[in-house]
Amino acid sequence: MAKPIAITLGDPAGVGPEVVLKTVLATPQPKHPWILIGSLWSLQRSAGALGLPMPDIDEINSIAEATAPVSLLQPGACPAPADFAFGKVQVACGELAVRSVEFAARACLAAEVSAMVTAPIHKEAIHAAGYVDDIGHQEILARLAGVNQTATMLMTPGLKVVHLSTHKSLADAVKFVRRDTVLDKLQLMHDTLTRWGMQPPRIALAALNPHGGEGGLLGKEEAQELQPAVAAAVELGIDVTGPVPADSVFNRAIGGEFDVVLALYHDQGHIAIKVHNFHQSTTATLGIPFVRTSVDHGTAFDIAGKGQADPTGLASAVDAAEAIVDGRLS
């Protein structure tokens, strides 16, 4: 039997349990066994609120007990808060969300599961639960894996984008565009995607300034930072082209010229992905020693418990994890 994939349920007050529940109901026989990590009560609350049946899930106490197509493992005693409500920040929900992520990550590190897929957690909730140094999943995973450099790769059919930086102001993001930071990220992309079966990955580096700087007339970063980074990467055997003007690089990637684009700040890459195909967009974390994919949306507190959440992203994240594990990422 194939090694299972762990799927965390996310913050119980958000749409995570809902999209997991809908995905399980739509997939009675997954390619790899699934182990849901989280509390049974969070699934039951979502099923009750949505008027959906509870799927046939085997409750287990350890990874080794998993024999059914879909199992559920609860990471310690995390009872439902007495005043539980959908769409609200609750300490117990933040605690459960982090415990579930930590459990799945440790199972990955111990090679008990082949990959982990995460439903969304809520930053304010995990901070309220005392995890003040963890902004989100990526920081939790880096802490547990003991790594210093990670990167987010957004994926949607026909387009993959890695970000040089994510949650920085635009002014700070521009300051981060330096030869060494770009070169390090290109190396990380090359190494991870090669390990995941791309031989070799064809990388495009997006330019920062309009028209790639117009020879310095519209900005110096291309000449001073980006071109030297590309030259150094090529010397290391990395297949990278650029800097390519941002108004054309994503279209060229969608057309098949490149496998992945390195975007230089949050919105430069996110807008391209979400305009191209938001509903099927997912994320993967580069730089950690295991496979983690995720939905590309948040907890959506405004619609939690109302049955409106679209499970397409969660299903796509599971498909992406399975593709990476099976060496089918393209």
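Hydrogens, waters and symmetry mates play no part in the numbers below; they use all other heavy atoms, side chains included. None of these values were measured; they are calculated from a predicted model.
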Given 3.5 Å as the limit, does a donor-acceptor pair link the side chain of [X] with the main chain of [Y], or not?
{"X": "Gln280", "Y": "Gly313", "answer": "no"}
{"X": "Thr293", "Y": "Ala317", "answer": "yes"}
{"X": "Glu221", "Y": "Gly219", "answer": "no"}
{"X": "His276", "Y": "Ala272", "answer": "no"}
{"X": "Arg202", "Y": "Gly256", "answer": "yes"}
{"X": "Ser114", "Y": "Pro4", "answer": "yes"}
{"X": "Lys22", "Y": "Ala309", "answer": "yes"}
{"X": "Glu222", "Y": "Gly215", "answer": "no"}
{"X": "Ser169", "Y": "Asp172", "answer": "yes"}

For [X] versus [Y], what's the shortest heavy-atom pair and its separation?
{"X": "Val15", "Y": "Pro120", "value": "CG2-CG, 4.5 Å"}
{"X": "Gln74", "Y": "Leu40", "value": "OE1-N, 3.1 Å"}
{"X": "Val230", "Y": "Gly242", "value": "CG2-O, 3.7 Å"}
{"X": "Pro75", "Y": "Phe103", "value": "CB-CB, 4.2 Å"}
{"X": "Val147", "Y": "Pro289", "value": "CG1-CD, 4.5 Å"}
{"X": "Met155", "Y": "Ala284", "value": "CE-CB, 3.8 Å"}

| said: Pair Arg143, Glu102 - check salt bridge (charged side-chain N to carboxylate O under 4.0 Å, His left out), show working. | reply: CA-CA 10 Å; Arg143 166 169 59 81; Glu102 290 180 333; 3.0 Å; yes

Tell me whether [X] shares a hydrophobic cluster with [Y], the cluster being built from Ile, Leu, Val, Met, Phe, Trp, Tyr side chains joined at under 4.5 Å.
{"X": "Ile7", "Y": "Val325", "answer": "no"}
{"X": "Val101", "Y": "Leu286", "answer": "no"}
{"X": "Ile5", "Y": "Val291", "answer": "no"}
{"X": "Leu217", "Y": "Val174", "answer": "no"}
{"X": "Ile60", "Y": "Ile57", "answer": "no"}

Which residues satisfy the salt bridge (charged side-chain N to carboxylate O under 4.0 Å, His left out) test with [X], sequence neighbours excluded?
{"X": "Asp326", "answer": "Arg328"}
{"X": "Arg45", "answer": "none"}
{"X": "Asp310", "answer": "none"}

Atom [atom1] of [X]: over 12 foreign heavy atoms under 6.0 Å:
{"X": "Glu257", "atom1": "CD", "value": "yes"}
{"X": "Lys88", "atom1": "NZ", "value": "no"}
{"X": "Asp56", "atom1": "CG", "value": "no"}
{"X": "Asp133", "atom1": "CG", "value": "no"}

| message | For Leu164 and Gln268: C-alpha separation, side-chain torsions, deciding distance, then whether side chain to side chain contact (heavy atoms under 4.5 Å, CB included) applies. | response | CA-CA 10 Å; Leu164 181 67; Gln268 187 182 57; over 6 Å; no

| task | Could you go through the side chain to side chain contact (heavy atoms under 4.5 Å, CB included) check for Val240 and Val234 one step at a time? | result | CA-CA 7 Å; Val240 55; Val234 170; 3.9 Å; yes

| query | Can you name the ring pair (Phe, Tyr, Trp, His ring centres under 6.0 Å) partners of Phe301, sequence neighbours left out? | reply |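 Result, ring pair (Phe, Tyr, Trp, His ring centres under 6.0 Å) vs Phe301: His122.
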
| message | Taking ring pair (Phe, Tyr, Trp, His ring centres under 6.0 Å) as the definition, give me every residue that meets it alongside Phe86, ordered by chain and number, with sequence neighbours left out. | response |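 For Phe86, the residues satisfying ring pair (Phe, Tyr, Trp, His ring centres under 6.0 Å) (neighbours in sequence not counted) are Phe84.
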
| field | Of all pairs that satisfy side-chain hydrogen bond (donor to acceptor under 3.5 Å, both in side chains), the ones with a partner from residues 173-188, not counting sequence neighbours | value |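 Qualifying pairs, neighbours excluded: Gln187-Asp191.
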
| query | Considering the options His266, Gln138, His163, which one meets the side-chain hydrogen bond (donor to acceptor under 3.5 Å, both in side chains) requirement together with Thr152? | reply |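 Single pass found, and it is Gln138.
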
| field | Check against side-chain hydrogen bond (donor to acceptor under 3.5 Å, both in side chains), Thr118 and Ser294 | value | CA-CA 5 Å; Thr118 57; Ser294 181; 2.9 Å; yes

